[in-house]
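Have a look at the structure below, then the notes.
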Number of protein chains: 2
Amino acid sequence: MHKFEEKTIKSEKIFEGKVVRLQIDEVELPNGKSAKREIIKHPGAVAILAITPDNKIILVDQFRKPMDRALVEIPAGKLEPGEKPEITAIRELEEETGYACEELELINSFYTSPGFADELIHLYLAKGLKKLDHPKSADEDEFVELLEVTLDEAIQLIQEKKIYDAKTLYAIQYLQLKEALKTHE
Amino acid sequence: MHKFEEKTIKSEKIFEGKVVRLQIDEVELPNGKSAKREIIKHPGAVAILAITPDNKIILVDQFRKPMDRALVEIPAGKLEPGEKPEITAIRELEEETGYACEELELINSFYTSPGFADELIHLYLAKGLKKLDHPKSADEDEFVELLEVTLDEAIQLIQEKKIYDAKTLYAIQYLQLKEALKTHE
């Protein structure tokens with residue numbers, strides 16, 4: 001048990017949606033007082049840093065309603081109930097980009113907004129990409145535009161403030177670090 | 001206008017809390033059909049990569065109710081209404097760590113969970129740290145433990161899967177890249 005553990009006194013479900021659940025937990029604090037926590041439960045997701053045979057990064061430009069703007073991100077998608085993250089990654093890569101991949105390597109898993117949500121993202125590096133002749137298509141309410149960019153172009157997009165997404169910044173920086181360490185080995 | 005823009009037909013507020021607001025937007029898709037979007041509105045936040053005079057990274061170990069576990073993260077905190085992010089960063093640094101800083105440099109701003117939430121985090125690099133004799137204390141319902149680690153120790157914490165937070169992984173990797181580029185200039 002963590003010494004600062006917050007014990008649940010009561011948990012009230014406010015909303016159960018198709019993507020998120022909202023609940024309010026009343027907790028007992030380490031000092032004996034109580035507090036309320038607004039909590040979003042999320043099924044978790046995968047993100048894929050996919051490198052094409054000509055060494056380009058696949059990016060997805062899509063409209064994101066929470067911000068009412070388009071964002072450039074690496075491919076990503078929610079886990080289906082009970083689905084293994086690797087399976088989600090393969091499915092989302094195919095649906096969003098039309099590529100299959102031979103190799104899938106977990107880079108890291110991380111919580112995106114631990115202050116209020118439990119969303120956990122598994123970030124994969126996908127290599128050995130092959131364009132499929134008849135890929136499964138995306139969800140019918142998803143509209144995305146694909147970009148394939150070199151690492152230098154991706155870095156430039158960041159410098160121009162055209163990438164505003166945590167997982168995408170992390171993934172591109174991961175490649176940049178890998179390059180920097182390789183070049184100077 | 002983005003070509004894949006989703007026009008709002010109706011927006012229904014489900015919950016308005018102290019931290020988050022939940023709303024369901026009905027949108028018109030580019031194909032003319034409609035869809036519902038579950039959206040979390042969040043005031044935004046700052047995170048601080050704070051480097052002590054002896055070149056250590058300040059980390060915060062705290063219990064996070066959404067996951068019912070403790071997480072090791074860089075210091076962070078929510079924006080107050082109308083507050084400039086730099087001001088929030090200075091306040092949170094003082095309250096969570098007891099340090100003031102002379103220099104604050106924006107590393108990047110990013111959305112953490114653009115699929116369902118509009119939380120935007122401004123990540124700062126804080127240098128010129130000075131321990132305060134009488135720092136303002138944290139919110140009364142916040143209990144944190146401070147760690148000061150070298151970059152190598154931080155990298156080891158990541159390899160041991162002891163850091164599971166997106167902004168913290170990004171910040172540590174940022175320093176690692178900076179070191180890699182500097183060493184080999």
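Lettering follows sequence order; numbering is per chain, from 1.
- One side chain, A/Lys65 or B/Thr8, offers a donor N or O that lies under 3.5 Å from an acceptor on the other.
- Here the rule is side-chain contact (heavy atoms from CB on, under 4.5 Å) with A/Leu59, and of A/Val144, A/Val149, A/Leu146, A/Thr97 only A/Val149 fits it.
- Partners of B/Gln156 under the side chain to side chain donor-acceptor pair (under 3.5 Å) rule, at least two apart in sequence or in another chain, are B/Glu160.
- Only the side chain of B/Glu119 comes within contact range of chain A, with at least one heavy atom under 4.5 Å from a heavy atom of that chain.
- For chain A, the nearby parts of B/Val19 are the backbone and the side chain; heavy atoms of each come within less than 4.5 Å.
- With respect to A/Asp118 and A/Lys41, a salt bridge is recorded, a charged nitrogen being found less than 4.0 Å from a carboxylate O.
- For B/Ala35, the part lying near chain A is the side chain, with the backbone staying farther off; criterion is any non-hydrogen pair under 4.5 Å.
- Interface summary for chain B: among A/Lys18, A/Arg69, A/Gln62, the most heavy-atom pairs under 4.5 angstrom belong to A/Lys18.
- Between chain B and the residues A/Phe15, A/Tyr111, A/Phe116, the most heavy-atom pairs under 4.5 angstrom are made by A/Tyr111.
- By the 4.0 Å N-to-carboxylate-O rule, A/Lys182 lies close enough to A/Glu179 to be salt-bridged with it.
- In this structure, A/Pro114 and B/Lys167 have side chains that are in contact, with non-hydrogen atoms separated by less than 4.5 Å.
- Ring geometry, A/Tyr170 versus A/Phe110: the interplanar angle exceeds 60°, so the pair is classed perpendicular (tilted spans 30 to 60°).
- Residues of residues 70-87 of chain B that come closer than 4.5 Å to chain A, counting heavy atoms only, are B/Ala70, B/Leu71, B/Glu73, ordered by residue number.
- With rounding to the nearest 0.5 Å, the separation of CG in A/Leu93 from CG in A/Leu132 is 8.5 Å.
- Between the CD atom in A/Glu94 and the NZ atom in A/Lys130 there is a gap of 14.0 Å [rounded to 0.5 Å].
- With a threshold of 4.5 angstrom between heavy atoms, B/Leu120 approaches chain A through side-chain atoms but not through N, CA, C or O.
- Between chain B and the residues A/Ile40, A/Ile163, A/Ile158, A/Asn31, the largest count of heavy-atom pairs under 4.5 Å involves A/Asn31.
- If you measure heavy-atom distances from B/Gln176 to chain A, the contacts under 4.5 Å come from both the backbone and the side chain.
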Before giving the answer on side-chain contact (heavy atoms from CB on, under 4.5 Å), spell out for A/Lys161 and B/Asn108 the whole-Å C-alpha distance, their side-chain angles and the decisive distance to 0.1 Å. CA-CA 9 Å; A/Lys161 304 277 171 205; B/Asn108 240 322; 3.5 Å; yes

Stepwise side-chain contact (heavy atoms from CB on, under 4.5 Å) check, A/Ile172 with A/Leu157: CA-CA 10 Å; A/Ile172 292 170; A/Leu157 285 173; over 6 Å; no

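- Separating the CD1 atom in B/Ile57 from the OG1 atom in B/Thr168 is a distance of 10.0 Å, to the nearest 0.5 Å.
- At a 4.5 Å heavy-atom cutoff, the contact between B/Ile24 and chain A is made by side-chain atoms alone.
- Listed options A/Ala45, A/Ser113, A/Ser34 were ranked by heavy-atom pairs under 4.5 angstrom with chain B; first place goes to A/Ser113.
- Ranked by heavy-atom pairs shorter than 4.5 Å toward chain A, the options B/Arg64, B/Glu38, B/Met67 are led by B/Glu38.
- In this structure, chain A has a heavy atom under 4.5 Å from the side chain of B/Asp25, while its backbone stays farther away.
- Across B/Lys178, B/Gln23, B/Lys33, B/Glu145, the residue that shares the most heavy-atom pairs under 4.5 angstrom with chain A is B/Glu145.
- Of the two parts of B/Leu169, the backbone and the side chain both hold a non-hydrogen atom closer than 4.5 Å to a non-hydrogen atom of chain A.
- No hydrogens or angles considered: a donor-acceptor pair under 3.5 Å links the side chains of A/Thr52 and A/Asp54.
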